[in-house]
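Comments concern the structure below.
Below, each value reflects all heavy atoms present in this structure, side chains not excepted, and no hydrogens, waters or symmetry copies.
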Amino acid sequence: MSSEDKEAQEDELLALASIYDEDEFKRAESAQGGETRICLELPQNFRIFVSGDSAESLQSSRFEYTVCFLPPLVLNFELPPDYPSTSPPVFTLSGKWLSQAQLSALCKHLDNVWEENRGCVVLFAWMQFLKEETLNYLNISSPYELKMCHQGSGQSRTPLVGTEEDSGGAAGSDEA
């Protein structure tokens with residue numbers, strides 16, 4: 001690890017810890033990394049439709065709700081020794097209410113942000129994009145349909161050692 005990379009990593013992690021509270025950003029104790037929980041700001045009177053995962057339950061268990069928030073997106077990351085000079089952060093992105101296709105699209109965008117800013121720290125840019133632009137980027141608007149499913153939703157660009165996928169939850173539809 002070059003001293004420039006180590007210093008850039010420390011500066012970035014300290015800056016994130018000073019910007020975000022403990023509910024939003026947690027630095028890993030044993031590694032250069034951490035976890036962010038990103039709560040999206042929903043428009044006023046945002047409505048969701050919740051439906052079951054089978055044809056029989058679709059008719060009987062379709063509900064409409066007005067919500068103020070959705071479960072947070074969770075970005076787990078680890079900084080390789082040559083970040084930011086050469087390598088991007090290793091990350092896993094999960095969201096209980098997003099589909100695999102939606103999570104994959106967000107991950108691809110994070111990869112693109114890294115490519116555009118190669119050699120620079122990117123975690124703050126990633127967090128801001130996820131918080132402020134996820135809904136527009138995925139063309140999510142009210143009313144939004146959530147389909148209940150029985151599997152976890154998570155996308156990983158490079159597997160994190162010791163990371164477990166979330167289980168249970170809801171995944172959004174792929175319709176745009």
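Between Y20 and M127, the shortest heavy-atom contact is CE1-CE, 3.2 Å. Scanning both residues, A8 and V121, for their nearest heavy atoms gives O-CG1, 4.0 Å. Scanning all heavy atoms of the two residues, the minimum distance from S85 to D5 falls at OG-OD2, 2.7 Å. Across all non-hydrogen atoms, the minimal contact from A125 to V113 is CB-CG1, 4.3 Å. Heavy-atom minimum distance, W114 versus G119: CH2-N, 3.6 Å. Heavy-atom minimum distance, S141 versus F46: C-CE1, 3.8 Å.
The pair E116-R118 does not count as a salt bridge, with every side-chain nitrogen at least 4.0 angstrom from each carboxylate oxygen.
Judged by distance alone, with hydrogens and angles left aside, the side-chain atoms of S87 form no donor-acceptor pair with the main-chain N or O of D82 at under 3.5 Å. Side-chain atoms of W97 come within 3.5 Å of backbone N or O of P71 as a donor-acceptor pair.
Of the inter-residue distances, the one linking K6 atom NZ with S2 atom OG reads 10.5 Å to the nearest 0.5 angstrom. Distance check, rounded to the nearest 0.5 Å: OG1 of T66 to CD1 of I48 gives 9.0 Å. We find the CG-CG distance between L73 and L40 to be 5.0 Å, quoted to the nearest 0.5 Å. In this structure, S104 OG and D111 CG are separated by 9.0 Å, a value rounded to the nearest 0.5 Å. In this structure, CG on L106 lies 6.0 Å from CG on L130, to the nearest 0.5 angstrom. Of the inter-residue distances, the one linking H109 atom NE2 with T134 atom OG1 reads 9.0 Å to the nearest 0.5 angstrom.
Looking only at side-chain heavy atoms (C-beta outward), E24 and D21 come within less than 4.5 Å of each other. Looking at T36 and F77, their side chains come closer than 4.5 Å, going by heavy atoms from C-beta outward. Between P72 and C39 the shortest side-chain heavy-atom distance falls below 4.5 Å. Here the side chains of V74 and T92 are not in contact, with every heavy-atom distance at 4.5 Å or above. By the 4.5 Å heavy-atom criterion applied to side chains, L98 and L93 are not counted as neighbours.
Residue E132 places its CD atom among more than 12 non-hydrogen atoms of other residues, nucleotides or ligands, all under 6.0 Å distant. Crowding of R47 atom CZ: a count of heavy atoms from other residues, nucleotides or ligands under 6.0 Å exceeding 12. Within a 6.0 Å sphere centred on CD of E22, heavy atoms belonging to other residues, nucleotides or ligands number 12 at most.
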Only pairs under 3.5 Å count here: list side-chain donor-acceptor contacts from residues 9-19, not counting sequence neighbours, and write none if there are none.
from : atom 1 : to   : atom 2 : distance (Å)
Q9   : OE1    : Q32  : NE2    : 3.1
Q9   : NE2    : P80  : O      : 2.9
Q9   : NE2    : Y83  : O      : 2.8
E10  : OE1    : R27  : NH1    : 3.4
E10  : OE1    : R27  : NH2    : 3.1
E10  : OE2    : R27  : NH2    : 2.7
E10  : OE2    : Q32  : NE2    : 3.3
E12  : OE1    : Y83  : OH     : 2.8
E12  : OE2    : Y83  : OH     : 3.2
E12  : OE2    : V122 : N      : 3.4
E12  : OE2    : L123 : N      : 2.8
S18  : OG     : A15  : O      : 2.8

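Between W126 and F91, the distance from one ring center to the other falls under 6.0 angstrom. Taking the six-membered ring for Trp and the full ring otherwise, the centers of Y137 and F129 sit less than 6.0 Å from each other.
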